[in-house]
Structure formats: C-alpha cells, structure tokens
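By convention in this document, chain letters (A, B, ...) are assigned in the order of the sequence lines, proteins followed by strands, and residues within each chain are numbered from 1.
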Protein chains: 2
Amino acid sequence: MELSDRKKQILRAIVDIYVSTAEPVGSKAIAALPDMSFSSATIRNEMAELTQMGLLEQPHTSAGRVPSAAGYRLYIDELMQDYRLSVDETKSLSGAMELKMQEFDKLLSQVGQLVSKATNLPAYTVASHQGDVTAKRYDLIMAGPDSFILVLMTTGEVVKNKLIKLPLEVSEQDLKLLSAVLNASLTELTAEEFTNELLSRVTRNAGAAASLVPVIVDFTLSVLREQERSNVHLTGHMRLLGQPEYRDVEKAQEVLETLDEETISNLPAALHQQGPVQFLVGPENVAKELKDTSVVMMRFDIGEGMQGTIGVVGPTRMDYAKVTAKLSYFAENLGKMFQKNAAPALPDSIETKED
Amino acid sequence: MELSDRKKQILRAIVDIYVSTAEPVGSKAIAALPDMSFSSATIRNEMAELTQMGLLEQPHTSAGRVPSAAGYRLYIDELMQDYRLSVDETKSLSGAMELKMQEFDKLLSQVGQLVSKATNLPAYTVASHQGDVTAKRYDLIMAGPDSFILVLMTTGEVVKNKLIKLPLEVSEQDLKLLSAVLNASLTELTAEEFTNELLSRVTRNAGAAASLVPVIVDFTLSVLREQERSNVHLTGHMRLLGQPEYRDVEKAQEVLETLDEETISNLPAALHQQGPVQFLVGPENVAKELKDTSVVMMRFDIGEGMQGTIGVVGPTRMDYAKVTAKLSYFAENLGKMFQKNAAPALPDSIETKED
DNA sequence: ACATGGCACTCATTTCCGTTGAGTGCCATG
DNA sequence: CATGGCACTCAACGGAAATGAGTGCCATGT
C-alpha cells in the first residue's frame with residue numbers, strides 16, 4: 001500500500017528529528033517545523049495511523065513517537081535525502097585521507113580508523129577474495145648458513161615471506177631445483193587441493209633440500225587459508241558509548257561483546273538486495289543482541305580479484321544520510337587509490353603494493 | 001617508619017576484601033574474618049591510624065575504608081602474597097596458549113587477546129628493539145615483465161617484502177648488480193644514516209635498474225622506522241566496562257579515550273624501579289585521566305636483540321596477585337617459545353620465525 | 001597500657017508521594 | 001476533513017522521611 005505524501009512528509013520529519021535528538025518526537029515539534037502547514041491535531045491523527053501501520057512506535061501512552069524498524073527501512077528506501085557534505089566536512093575528510101599506501105592490511109585498518117573517527121561510530125573494513133586463492137610463484141633465497149627465505153606470491157598479487165632456520169647443507173643449485181619443482185607442482189592449487197600424495201611426490205623430486213618441503217607447505221597452506229577467510233578490521237568500539245542509547249553500561253556491554261570480527265564477517269548473510277550500499281536495520285541483523293543497532297556498509301573495488309567493504313555500526317537511530325555520504329567519500333577515494341595502483345605507472349609512493 | 005604486624009594484617013585484609021567487593025570495607029567485615037582475633041573496635045582504632053598515615057581513605061564520614069594509592073603501593077611491595085594458579089586455571093590458560101607461531105606481530109596480538117580474556121581486563125603487548133635497527137640484506141626477484149619483488153631482511157631477523165610494479169626493461173643480471181650495490185652500500189645503516197649524498201651515489205652505480213632505487217629506499221626507510229618505534233597491540237578495551245568503577249559511562253569514556261597505543265608506549269617513562277614485573281598504581285601513571293587505573297606489566301625475552309612486554313590495565317582496585325600470576329604464566333611460556341625458536345632445530349611448526 | 005562493649009552521631013542510599021508537564025486521543029465545530 | 005479544545009495518562013522530577021552501615025569516642029575491664 002502507498003503512503004500519502006503527507007504521511008511520508010511526517011514520517012521523514014520524525015526520523016530526521018529523532019536522529020538528532022534521540023528523544024521521542026511529539027506532534028507539536030513536528031507542527032513547528034517551517035515547511036509543515038498542518039496543525040498538531042492533524043499530525044496527531046496521521047501519527048496514530050502511522051503507528052497502526054507499524055511504522056512508528058510509542059514508548060508509552062503519553063510519550064511522543066519513535067520510528068520502528070519498518071519505519072527506518074521505509075525511510076532509507078524511499079524518503080532519505082542525499083546528504084551533501086559541507087566544504088568543511090570534505091576538507092577534514094580529505095585531510096585525513098592523506099595516507100601512504102603501506103601494507104595493504106594496514107591501509108585498510110587505517111581507513112577503518114578514519115571512518116570511525118569521521119562518523120563517531122564503530123567502523124570496520126573487510127577485504128575478501130572473489131574466487132579461488134592459489135599460490136602463483138615460489139622463490140627461495142639462501143640467507144645464511146642455516147637460514148632460508150621463502151617468498152610466496154599468491155593470486156591477488158599478495159606476497160608473503162618466511163624465514164626458515166634449518167641446519168641443512170645445500171647449495172644455491174639445490175634451492176633452484178626445489179623452487180622449480182614447487183613452481184611446477186604446487187601453483188594454481190587451492191589449500192584443499194594439497195593432497196598427501198602430491199606432497200610426497202614433490203618431496204621425492206625435491207633433491208637435497210627436501211627437508212624444507214614440510215615447512216614450505218605448512219606456510220603456504222596457512223597463507224592461503226588466511227587469505228581465503230575475509231580479513232576483518234574492526235575499530236572504534238568505544239565510540240558507541242557516546243551514543244545516548246548506550247548510556248546504560250549493561251546495554252553497551254551486551255552489544256560490544258557480540259560485536260567482533262566474527263559477527264562482522266557474518267553480516268553479508270543477512271543481505272537481501274544487491275548494490276554498492278547496504279543497510280541492515282535493527283532486527284534485520286544477524287545476532288539478536290544487535291537488534292537495536294544498524295549497519296551501513298559500502299563496497300569498493302580493489303582489483304586483483306579482491307573486493308572490499310567498509311561499514312559503520314551504530315544505533316538504529318543513526319543519521320543514515322550523513323553516514324552514507326561519508327562512507328561514499330571514503331569508498332570512492334579508496335577505489336581511486338586502487339585504480340591508480342593497478343595502472344603500472346607513476347613513480348610516487350602510492351602506486352605500488354607491498355606486504 | 002615501620003608498621004606493626006597488626007596494621008599490616010589489617011591493611012592486607014582491607015585490600016583483599018576491597019579487591020573482590022569494590023565496596024568500602026568496614027571494621028565489622030574485617031573482624032569477621034576467620035584469622036582476625038580482635039574486636040571491631042580495636043580494628044577501628046587501627047584503621048583510624050592507617051587513615052592518618054595516608055594508607056587508607058574514607059569516601060565519606062560514615063563509610064568504610066578504601067586503600068589509597070600509597071596503600072596499594074605498600075600492599076604490592078610488601079604484603080602481597082603470591083597467588084597460585086589453581087589446576088583449573090592453569091588448564092584453561094594452557095589450553096589457550098596452544099597457538100601457532102605465525103607472523104610475529106600476529107602472535108603478540110593473539111597473546112594480548114588471551115591475556116585480556118584471562119584477566120577480564122584490557123591488555124597489551126609491546127615488542128621493542130634494543131639497539132639500532134638496520135638493513136641486513138637485500139634481494140631482488142624478477143616476478144614478471146614489469147614486476148619485481150624486493151625482499152628486505154633487517155636486524156632482529158625480520159624479513160619484509162614489497163611488490164614493485166614499474167615498466168622497466170632489465171635483465172636478471174641488472175637486478176643482481178643492483179642488489180649487490182644495495183648490499184654493499186645500504187646495509188648496517190639506521191634510517192637516519194640514509195643521506196642524500198649516499199643515495200645519489202648508489203643511484204649512479206645502480207646501472208640499468210636505477211629507477212628502482214627510490215622505491216626501494218622508501219620502503220626500506222618505512223620498514224626501519226616502523227621497527228624502531230615499538231609495536232604496541234592493545235585489546236579488550238571494553239572489558240573495562242565489566243568493572244564496577246566504570247559503571248558510569250562518562251568515567252569509562254574518559255579512560256577509554258586516553259587508553260590508546262600512544263599512551264601505552266609512554267608508560268615505561270613512569271617506571272622507577274627495575275625488574276621483570278612492574279606496577280604503576282593510580283596517580284603514578286603518566287596521564288592524569290588514568291589516575292584511577294593501574295597497570296601491571298611484565299617483561300619477557302624475545303632474543304634477536306628484541307624485548308617484549310605484556311601488560312594489563314585495570315582499576316586501581318585490581319587483584320594484583322592474580323593478575324601477576326597470570327601474566328607470569330604467559331610471559332614464561334612466551335619466553336619458552338622464543339628460546340625454542342632461537343635454537344635451530346626441530347622440524348615442527350613453532351620453531352621458525354616468519355613475517 | 002591496651003582491648004572491648006556501648007552509644008550517639010553522620011551521611012549515603014532508598015523509598016514514598018505529590019507535582020509537573022509533555023503528549024495523546026477524541027470530540028465538537030467550522 | 002482540518003482544527004481547536006479538553007480530559008486523561010504517565011514518565012520524570014523533587015523533597016521528605018526512613019533506613020542502616022559505619023565511625024569516633026568514652027567508660028569499663030583486664
């Protein structure tokens with residue numbers, strides 16, 4: 001069923017006011033708005049109907065109204081107006097974004113911190129792989145009498161290394177042979193495809209450096225597995241305490257205890273629609289402890305078969321428009337950074353990817 | 001001046017009770033203790049004196065007594081009895097310690113999480129270098145037409161790598177030359193010792209691959225700098241909320257806002273004594289916002305010229321004995337892991353160090 | 001000289017109750 | 001069908017009284 005324009009206007013007004021005051025909104029407050037040309041009585045009648053439709057809620061008989069989860073959902077889907085960042089806001093955000101492209105993980109975790117700071121809410125970033133993660137290239141370096149450095153490159157252009165210390169008499173030649181074998185047999189395999197049979201064949205062909213094989217395989221598997229599961233960075237938990245709904249420590253604790261990397265990585269399961277920006281409102285959330293919190297998340301493209309998400313967690317009463325605008329800003333700039341990075345050019349400090 | 005045995009006994013009782021109840025302790029409660037053979041009136045007199053000596057405090061006239069910072073200090077230095085972990089406790093701790101030696105950083109951050117969980121308080125870990133951090137060895141790998149992998153090993157056996165993408169026509173030979181030059185000229189230098197003059201000489205000698213030099217140097221400097229400043233991992237902030245002194249959100253927020261990696265790395269400045277285990281009680285702390293919190297920290301040896309610390313942050317009223325016991329457990333086991341690691345032997349998954 | 005029981009006093013905390021005021025629902029009116 | 005008016009509801013505020021844990025000090029006993 002369709003809402004009348006007047007009901008929409010009133011619902012929007014209620015959400016807008018409630019978002020900034022965190023107090024139930026009364027009919028008088030709405031009637032007092034500049035572009036509201038009805039009396040409080042009329043608004044009361046409309047509000048009664050909106051309540052009956054399940055879009056508003058009344059904490060108790062003689063209190064104002066508060067948007068219900070359904071109300072927020074409708075607001076987000078149909079009524080929310082784009083928030084335009086002010087010049088000042090843009091300036092402070094862009095000031096913050098001046099960070100070096102260091103380790104990929106660190107970059108994401110830094111951006112998470114920026115988002116959290118900018119929104120004054122807990123924020124998270126996720127980097128997840130699309131498709132299979134496999135080893136692409138192995139290199140072995142002789143680093144000392146009993147020291148070897150293994151350098152492993154995986155899909156997604158991620159490079160990891162490990163210092164191996166083993167008392168072992170081998171020549172550069174032996175290492176060359178081993179890495180040739182590794183590159184021939186153990187590339188383009190996901191962690192699951194490392195069978196025992198395969199490994200024993202590799203060990204047999206490995207020559208003098210065969211005793212390195214188990215360590216190398218262990219490492220490779222742990223790198224592949226780590227990259228398979230999405231990498232979540234969550235920061236700024238304590239900013240929730242600034243929100244009036246968590247003035248009660250019990251409430252805050254409950255939410256904060258549920259809010260870990262684990263929970264975050266389960267969030268996408270609750271999504272219905274598709275699209276670059278997603279909202280999970282209150283009870284739509286995965287964990288029941290989060291029934292009064294909402295999540296706004298936004299995708300951005302990393303390239304190299306990877307997919308990033310930045311998100312913000314806050315009370316259901318959250319300034320969705322503003323948060324969305326800020327997330328967009330960051331997502332857009334991250335996207336740009338990665339595009340720049342993809343193009344092999346420009347000898348400055350952000351066009352390379354390291355690990 | 002020396003305290004009478006009876007005063008000591010009473011002070012200890014007050015700290016012990018207050019630590020577990022978080023309520024001011026009255027004379028009656030003390031008199032009721034099994035090994036207390038004096039009447040409440042006698043204890044009242046003693047308490048009055050202890051108060052006058054500045055070891056106890058009285059929140060208001062008709063309330064019980066609470067240990068002052070000086071009282072805690074005396075308790076820690078003289079009265080505290082070793083807490084023996086129960087079998088159950090040891091079991092649950094040792095269960096938790098079964099973690100793989102993965103990336104060094106990750107290991108520390110995991111241990112931090114374990115400590116925080118075990119003590120139910122915020123915890124941190126620090127790894128800091130003793131002495132200069134310098135580059136030890138450079139290797140260059142040709143990873144594709146326009147891709148090069150730089151592998152850098154520094155003091156402390158830390159290995160880092162970076163994928164460099166530059167459109168550049170060079171041969172394996174050119175790379176070999178460049179790495180020889182790097183190893184000859186840019187090792188055993190701290191970040192400060194990288195002068196412009198030196199760099200231009202290196203660039204001149206670098207041959208065909210000279211355009212890689214700026215990227216390599218940038219990376220090297222950032223790795224050296226990152227290792228110079230101590231690496232702090234802080235987790236479990238929200239566990240503070242479980243403590244009764246932070247039932248008031250305002251208080252909690254104030255502390256949580258000050259409690260960041262920055263503050264933690266400044267803590268050692270406040271230490272007077274030496275020793276493996278250190279206590280910072282309330283106002284002894286660096287930041288005034290932390291005047292009601294205490295820190296217990298414990299050193300452990302990493303080897304390779306590195307030095308580790310694990311620590312716990314909590315209210316001044318904290319079970320110092322229990323926390324110390326648990327920290328000892330973790331510090332000891334970490335120490336063992338690193339000793340094992342130092343000895344180049346045993347082909348299982350914890351004897352190598354990776355990054 | 002010192003431990004103890006007794007007692008008056010203090011003061012934070014809790015409980016109760018009346019007041020206030022924001023907000024609603026509904027009805028009569030224009 | 002919008003509006004003004006009016007009775008009603010109920011959380012929140014505030015002050016007064018009751019409660020009780022704890023102290024300080026004194027008189028007494030050993």
Asks: On the nucleotide D:dT3, are OP1 or OP2 found under 4.0 Å from the side-chain N or O atoms that A:T42 carries?
Replies: yes
Asks: Both distances below 3.5 Å, Watson-Crick or wobble geometry, any strand: find the nucleotide opposite C:dT29.
Replies: D:dA2
Asks: Can you tell me the distance, in whole Å, between the CD atom of A:E23 and the C1' atom of C:dG21?
Replies: 14 Å
Asks: Could you tell me the separation between the CG atom of B:N45 and the P atom of C:dG6, rounded to a whole number of Å?
Replies: 16 Å
Asks: Mind checking who C:dT19 pairs with, Watson-Crick or G-U wobble, both distances under 3.5 Å?
Replies: D:dA12
Asks: Counting N and O atoms only, with roles assigned by atom type, does the side chain of A:R247 sit under 3.5 Å from a partner on the main chain of B:D248, one being a donor and the other an acceptor?
Replies: no
Asks: How many Å lie between CZ on B:F38 and P on C:dT4, as a whole number?
Replies: 8 Å
Asks: What is the distance, to the nearest angstrom, from the CD atom on B:E49 to the P atom on D:dC25?
Replies: 12 Å
Asks: Above 12 or not: heavy atoms from other molecules or residues under 6.0 Å from NZ of B:K8?
Replies: yes
Asks: For the pair made of NE2 in B:H60 and C1' in D:dG24, what is the distance, rounded to whole Å?
Replies: 15 Å
Asks: When the distance from CD of A:Q52 to P of C:dC26 is rounded to whole Å, what number comes out?
Replies: 10 Å
Asks: Return the value, rounded to whole Å, for the distance between atom NZ of B:K7 and atom C1' of C:dA3.
Replies: 14 Å
Asks: Measuring from atom CD of B:E49 to atom CG of B:L55, what distance do you get when rounded to the nearest 0.5 angstrom?
Replies: 11.5 Å
Asks: Is the closest side-chain donor-acceptor distance between B:Y246 and B:E254 under 3.5 Å?
Replies: no
Asks: Would you mind telling me which residue lines up with the more 5' stretch of DNA chain C, A:A41 or B:S37, judged by nearest nucleotide?
Replies: B:S37
Asks: Can you list every side-chain hydrogen bond (donor to acceptor under 3.5 Å, both in side chains) pair that touches residues 23-35 of chain A, not counting sequence neighbours?
Replies: A:S27-A:R44
Asks: What integer distance in Å separates B:E46:CD from C:dA1:C1'?
Replies: 14 Å
Asks: Across all strands shown, which nucleotide pairs with C:dA12 by Watson-Crick or G-U wobble geometry, both distances under 3.5 Å?
Replies: D:dT19
Asks: Side chain of A:S39: nearest nucleotide among C:dT4, C:dG25, D:dG4?
Replies: D:dG4
Asks: What nitrogen or oxygen pairs link the protein and nucleotides 20-23 of chain D at under 3.5 Å?
Replies:
{"residue": "D:dG22", "atom": "O3'", "partner": "B:A63", "partner atom": "O", "Å": "3.4"}
{"residue": "D:dT23", "atom": "OP2", "partner": "B:S27", "partner atom": "N", "Å": "3.2"}
{"residue": "D:dT23", "atom": "OP2", "partner": "B:S27", "partner atom": "OG", "Å": "2.7"}

Asks: Would the distance check show the side chain of B:R317 and the main-chain N or O of B:V19 forming a donor-acceptor pair, the cut-off being under 3.5 Å?
Replies: yes
Asks: Report the distance from atom CD1 of A:I310 to atom CZ of A:R299, rounding to the nearest 0.5 Å.
Replies: 12.5 Å
